[in-house]
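Below, chains carry the letters A, B, ... as their sequence lines are ordered, and counting in each starts from 1. Quick caveat: nothing in here was measured; it's all calculated off a predicted structure. Hydrogens, waters and symmetry mates are skipped; everything else that's a heavy atom, side chains included, is used.
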Amino acid sequence: MEAELFEIQKFLSKHPPFDDLPKDALDLITQHIEISYYRAGSPVIKIGDHLQDLFVIRSGVVEVYRRKGELYNRLDTGDIFGQMGLLTNNKVIFPATATEDTLLYCIPDHVFQIMYERHDAFADFVELEDNARLRQTVSLSNEQNDLTTSKIKTLLQNEAPVIHKSETIRNAAIKMDEENVSALLVLDLDQPAHEDEEISPLIGIVTDRDLCTRVVAKGLDPNHDIASVMSTEVISLDHNAYVYEAMITMLRYNTHHLPILKDKAPIGIIEATDIVRYESQNSLLLVSSIYQQQSIEDLVLLAKQVKDSFVRLVNEDANAHMVGSAMSVIGRSFKQRLLELAEEKLGPPPVPYCFLALGSMGRDEQLIVTDQDNALILDNHFDKKKHDAYFAQLAAFVCNGLDQCGYTYCTGDIMATNPIWRMTQKEWEDCFADWIDDPNPKALLNASIFFDLDGIFGRLKWAEQLNSFIVRRARRNNRFLACLARNALNRTPPLGFFKNFVMEKDGQHNNSINLKRRGTAPLVDLIRVHALAIGSHSRNSFERLDDIIDAGILPKGKAQDLKDALEFISMVRIRHQAIDVQNEIDPDNNIEPENLSDFERRNLKDAFQILSNGQNFLKYRYQASNQFK
Amino acid sequence: MLNRLEKAMDWERIFRAKKEDSHHSLLASFYAKGLPNKDTLIEDIEFLAMDFETTGLDPAKDDIISIGIVPFQLNRVYLNQSFQWTISPRKQLNESSVVIHGITHSDLEKAPDMSEIIDALLSRMAGKVIVVHYNPIEREFLDKAIKERIGEGIVFPVIDTMYLENLIRKRFRNRLLDWLFGGSTESVRLGQSRERYGLPTYTPHHALTDAIATAELLQAQMAYHFDPKSPIKDFWI
């Protein structure tokens, strides 16, 4: 190597994919570089040209176009182009033009091929399509976190401690003592074996706390059947679930014992302490202490810890699904506690109700910069004159409390304090029937968050029933889906980044990007349309995508691409919010490109491309361009 | 087109005469390789960019200590055929020039004498059109260095990117502005000339880097100001 080419080698070694190459490979490249100057406005490669080099921009700007002339990418110092052509018969696929005076380092094809064959990282970089590169990034970051890679069965140490339902409470206590466990699974082995194997022998769970509160405190005879004091609503997980799913489940249901099933039969119990060595317990602890607060003032003080909890999760490499779930559970707990306090203050409700979370909390995708979206389902016997004053006060108590705890009022007034959003079960069904049967893009524009509803407090079953109503009605209702799809196309992603600007598809530049408005929100909208089309009961976007994959309505791999895109954009958004919190800046959803690493820019561009392709597919699949009134 | 140069040299005639007159075989074969025909189009010419680092600026007293060359054409600079030699000077380096080119005494201890590389250098120059930035350095130092070793000097045509840049600046100069501001102060040094064409900043005073920088500058000057179908005779001096 001519030491004198150091100048050029130094440049290459600062830019991917060359930065990862060993010295001898860089030497080989540097020795074979050819240099070429292009004046602003002159074409570098044209469609159909025989391509002989990989191009590295030493200085200047090059624009790459799609076949139809649409801008594909704008590149500057350190960027490369031509790799796709070199890997496909050396035909120029995307033409390129210098738009500023440009100096190019040209790496001859044979040197390119040597690098491609010998260096995996180089090959990956130049070979991968947008979606594949993002896939690699997302799975790589998941691999770095035990929570997302360890299966729950690896945590199981002992067999499931079980007891038959007809045993006495005393025998259960003796068994717990002997086996040194804090919970027993109650089985019913007398159930006839069904052919469809749908029924699990697991009928309940009893914990040492149950023995304390339900037996000793009540003075119950310990010779009663254990079945009389067990909890029948058993939250369990399949043994193939990941540790982070166990964490989310425990958070979500505020439970500390999680039976693990294999083929419907219990094979063990996971306790909160098993998870603690993976997660700092921070969010689990926070959730329990929310329920112990006795006033709004106490809750407001506690709410200050939410941001710490968030930062901690991020620093522990939690994925977007975990962060979103944990934050939603925390938000939900504040709501639940506020409702309990409201009922203490106002007395019991005159008619039953169900308090709903809408939007991001309904989807388990809440972050720290969030407003409150909520509503009330009231009993069909609700009488406005007699009962509404109570619910107005209840809503005001909860919504004001939430605002004080950092969940600001909804600017669109989608809150239970708004009389429009206090409706009876029947009225809600009519309302959704109207939205679905007679779709109108304008009316639906702000209504999309209602399709992500979740019961928080009260008659939770009503929320489930309403969800089922929606799912049944929306599925195969093509006009409604077309209308929803059309609204899902309102917000589009940018093309990518150029220098310290966000580059739009028309070549215009902006100083910053709102990653929610231009990234996660349109993805969530798009996923919702597919989910409603297949009758999915899930609300979480990742879970909806799993359902979409199972339903097979998207071309192979596309739903997984959307998952990767959502994960990556969400994580950039989450990480930058965490950085803001740590720097004691008010976090928001805006990101300035100068604060993005090259790695983030590259992957964000890939994610935006996936979103853009997904929107095009949506348009075609649901005939979203049809006319509406 | 470029103003015709003060006196167009008939390089083909000069080379024919030199070939007959040269006593030394190295020079005779250099001249025998000849030159491209004076009407050859610039876009078809094979150039060789060349740069020297020297112990000072006076060819009578100072010596060459490194030579960088890189062959190129209007659309490509070929690094795989680039070369740099470090050469031992006949007199001691002075400290101030070390500061400029960064070549130290220890670098030069093992370096060969100029006589050992004349053959290699001339064979790479032969048949090509030499491109330099500020021609007196390369021309006069090489002439003197060869004359000292083999008793006969060398002449060759060059394209001088600094000279070209001066002509280009003159052509674009606004006389009113010159009058207002007391004449042009635009620099035609290598780095500043390159900036005008959006070329990147390289660390100066390394012979090969400067040769590459000069080759890129000629590509840029041609792309901006001249027709690649002009004959070489309009440019060499």
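- When Leu104(A), Asp53(A), Ile35(A) are each tested for a side chain to side chain contact (heavy atoms under 4.5 Å, CB included) with Arg76(B), only one passes: Asp53(A).
- Of all heavy-atom pairs between Tyr197(B) and Tyr37(A), the closest is O-OH, 2.7 Å.
- Around the CZ atom of Arg118(A), the shell of radius 6.0 Å holds no more than 12 heavy atoms that belong to other residues, nucleotides or ligands.
- In this structure, Asn89(A) places its CG atom where only 12 or fewer heavy-atom neighbours from other residues, nucleotides or ligands lie under 6.0 Å away.
- For Ile33(A), the parts lying near chain B are the backbone and the side chain together; criterion is any non-hydrogen pair under 4.5 Å.
- Shown here for Leu103(A) and Pro200(B), the closest heavy-atom pair between the two residues is CD2-CD, 3.6 Å.
- Atom NE2 of His32(A) is separated from atom CG of Asn80(B) by 5.5 Å, given to the nearest 0.5 angstrom.
- Scanning residues 213-220 of chain B against chain A with a 4.5 Å non-hydrogen threshold yields Glu216(B), Gln219(B), Ala220(B), sorted by number.
- Taking the side chain as every heavy atom from C-beta outward, Asp101(A) and Tyr224(B) approach each other to under 4.5 Å.
- Heavy atoms from other residues, nucleotides or ligands lying under 6.0 Å from OH of Tyr134(B) number 12 at most.
- Closest of all the heavy-atom pairs between Asn75(B) and Ser36(A) is O-OG, 2.6 Å.
- When all heavy atoms are compared, the tightest approach of Thr201(B) to Glu7(A) is O-OE2, 3.9 Å.
- Within 6.0 Å of CG on Leu57(B) lie no more than 12 heavy atoms contributed by other residues, nucleotides or ligands.
- The CE atom of Met222(B) sits 13.5 Å away from the CZ atom of Arg39(A) when rounded to the nearest 0.5 Å.
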